[in-house]
Protein chains: 2
Amino acid sequence: MKARLADIATQAGVSEATVSRVLNSKPGVADDTRRAVLTALDVLGYERPARLRRRSAGLVGLMLPELDNPIFPAFAQVIERALAHHGYTPVLCTQTPGGVTEDDYTELLLERGVSGIVFVSGLHSDSGADLSRYLRLVDRGLPIVFVNGFAPGVDAPFISSDEAVAVELAIGHLASLRHTAIGLAVGPERYVPTARKIAGFRRGLAVRFGVEDADAWIERSLFSVEGGQAAAGALWERGATAIVCGSDLMALGAVRAARERGLRVPQDVSVVGYDDSPLVAFTDPPLTTVRQAVQAMGAAAVRALLDEIGGGRAPRTELIYRPELVVRASTGPAPDIGR
Amino acid sequence: MKARLADIATQAGVSEATVSRVLNSKPGVADDTRRAVLTALDVLGYERPARLRRRSAGLVGLMLPELDNPIFPAFAQVIERALAHHGYTPVLCTQTPGGVTEDDYTELLLERGVSGIVFVSGLHSDSGADLSRYLRLVDRGLPIVFVNGFAPGVDAPFISSDEAVAVELAIGHLASLRHTAIGLAVGPERYVPTARKIAGFRRGLAVRFGVEDADAWIERSLFSVEGGQAAAGALWERGATAIVCGSDLMALGAVRAARERGLRVPQDVSVVGYDDSPLVAFTDPPLTTVRQAVQAMGAAAVRALLDEIGGGRAPRTELIYRPELVVRASTGPAPDIGR
DNA sequence: GGGATCGTCCGAAATGTTTTGCGTGAGCCG
DNA sequence: CGGCTCACGCAAAACATTTCGGACGATCCC
């Protein structure tokens, strides 16, 4: 026999009306009464509406776009460790092409009553995506935190790496090696990080070389090795002597594209990656890259989330982490003769 | 304003009664009518009761030991894709040192009512671990599948890569390059895959070189780069001209250890990895390695699990996948003069 | 082949459950 | 002590579910 409002009302010593109000999170119920009703609910085994289900002791969703790019497992590790350290249990959700979507996972996490969700490079980093999904989460009072991306108007903490500075660091490094024909190989521009890298690139070229129209030196492609290879190929053909890439994977593609054309890295051309993902120190050549402060960003994301979960209010300004240049062996002095 | 039964009834061209019947999975509704009502439900954005929600049905846990070794994200991707393709939703659980344990995660998944769990290199691969945890799962009738490891007595499908053959393939390759002083750098022996690699190594050395006591050529360490570096260091010191490693990460460590000693790879010494994890084709030197059939194994694991979930009974024999040698540039002919 | 019988599907209406408008009384504050 | 607000119950309204019976078609029997 299913328990009805009347039973719960009896159990809690209130009227059905009050139970109804509690169940629907309506105003006009004293905290003590609300608690009494919730207790009665549990005593009678009434199934709570998902909305006010007890957040299961510290479950936290961790949303990642994929695992191919090693920076994402790296983020996952850091964030998981931080969460576990605070007694929370991370649930990793990674999307697969044509598979489970971010919304599916969000729905799932919501149903399971997670205490919060960390979005890493999710749809919030896609400027073309509909943000109402996030507004709905905020409305429901679910703590969420965003890493690497920006969703204007969503009332939540944002943690990002400074993509513009990253590109400017790379340009600075290449300029000091006397490169002047510098290209940028990035992913689709609708992604916030890409757009920011492009902005940084334009500014860098303008400031250092007075180049006003950087467009010819920007190639948009995919984030993968193959994407980098394609984008870099076009840039090498155009006479670039150095390329700044949107990810380490793309940088590996850029190296491959260079070698296909008989160009040696770093003697003939230079390549700068982005992320400093694990293992790129072991690549051939070891990649010069711009390191995201993965550790610090992950820790900050967790701190902000736990703040929110604890009822506090983490700062709403986008926390921007400054990346740092890691010089290895994929960059070298510009060749003497312009090609 | 929220949609009401009446609205849905109008939209679907039926009576409220019928809508109610559909919503509560009551009998007495023709399939066509039921479909029409469900469609109307979605059109009007009515929130379905959990019971007949389309997707959330099949949750499947996916247990991984870590994400540092890129072979694990690779497995995760493959298995996730296969699960999603069959309408299941994977939930990734990765342990962190000192954090959430496999048992914690199992408990969590059980509570959430998953349909099954895939264990990749979990405690079942640790011969010292207590297997009762798995027996309990089997008793509860929860479908589980194990990848890369073997837990004797647990009534579940096992999918493994043939570690012994992997090592023998590596030895064969090195022997054909006229190496004779071959070492093995692996992880702790209590892990089933390690034990099997050691067995394969002993057999390989016995068959090819008549070496009966291979012990001096085996170094047990950790699975990481540093572990490989330490183990390989000892072996190089002992005069090995080639080392077979338990993982690609260890192989990178072996290369580093060689270079520390002024040895060039592959001119002076050779290194063979294991896994063929993503990106090792880009390392310096590109690693010769033994490729696990990740794709096939992941697909098989999912197939077996879905079989079990569907009430069938997947075969209980351990499915052994044969790995294949991928020759790149970390192996070369043995140096002419024995060192 | 024709009619009786049965079963399925669905709508109208009855019945049951939840939500809401409104009024009351308790407590608080000036 | 009066005015105010808030929390809550009452009862009516809104909404959902179930019952009941009619329409329709298939099947069976004569």
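By convention in this document, chain letters (A, B, ...) are assigned in the order of the sequence lines, proteins followed by strands, and residues within each chain are numbered from 1. Atoms considered below: every heavy atom in the structure, side chains included; atoms not considered: hydrogens, waters and symmetry mates. Quantities reported herein were computed from a predicted structural model and do not represent experimental measurements.
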Between [N] ([atom2]) and [X] ([atom1]): distance, integer Å:
| X | N | atom1 | atom2 | answer |
| --- | --- | --- | --- | --- |
| B/Ile8 | D/dT17 | CD1 | C1' | 14 Å |
| A/Leu23 | D/dC15 | CG | P | 18 Å |
| B/Glu16 | D/dC20 | CD | P | 19 Å |
| B/Arg34 | C/dC9 | CZ | P | 9 Å |
| B/Arg21 | D/dA16 | CZ | C1' | 12 Å |
| B/Leu41 | D/dA16 | CG | C1' | 14 Å |
| A/Asp32 | C/dA26 | CG | C1' | 15 Å |

Practice problem: Among D/dT19, C/dT20, D/dA16, find the nucleotide with the atom closest to the side chain of B/Leu5. | Solution: D/dA16
Hey, is the side chain of [X] poking within less than 4.0 Å of OP1 or OP2 on [N], counting only N and O atoms?
| X | N | value |
| --- | --- | --- |
| A/Thr18 | D/dA7 | no |
| A/Lys26 | C/dT20 | yes |
| A/Ser20 | C/dT18 | no |
| A/Asn24 | C/dT19 | yes |

Quiz item: Which part of the nucleic acid, if any, lies within contact of B/Ala30, taking any heavy atom under 4.0 Å across all strands shown: a base, the sugar-phosphate backbone alone, or nothing?
Solution: sugar-phosphate
Quiz item: With side chains defined as the heavy atoms from C-beta onward, is the minimum distance between A/Tyr46 and A/Leu5 less than 4.5 Å?
Solution: yes
Exercise. With the side chain counted from C-beta on, respond yes when A/Leu137 and A/Phe119 share a heavy-atom pair under 4.5 Å apart, and no when they do not.
Key: yes
Practice problem: Answer yes or no: does atom CD of B/Gln295 have more than 12 heavy-atom neighbours from other residues, nucleotides or ligands under 6.0 Å? | Solution: no
Practice problem: State which residue, out of A/Leu67, A/Leu64, A/Thr94, A/Asn69, fulfils the side-chain contact (heavy atoms from CB on, under 4.5 Å) condition with B/Pro73. | Solution: A/Leu67
Quiz item: Between A/Ser15 and B/Val19, which is nearer to the 5' end of DNA chain D once each is assigned its nearest nucleotide?
Solution: A/Ser15
Quiz prompt | Between B/Thr106 and B/Asp103: side-chain donor-acceptor atoms closer than 3.5 Å | solution = no
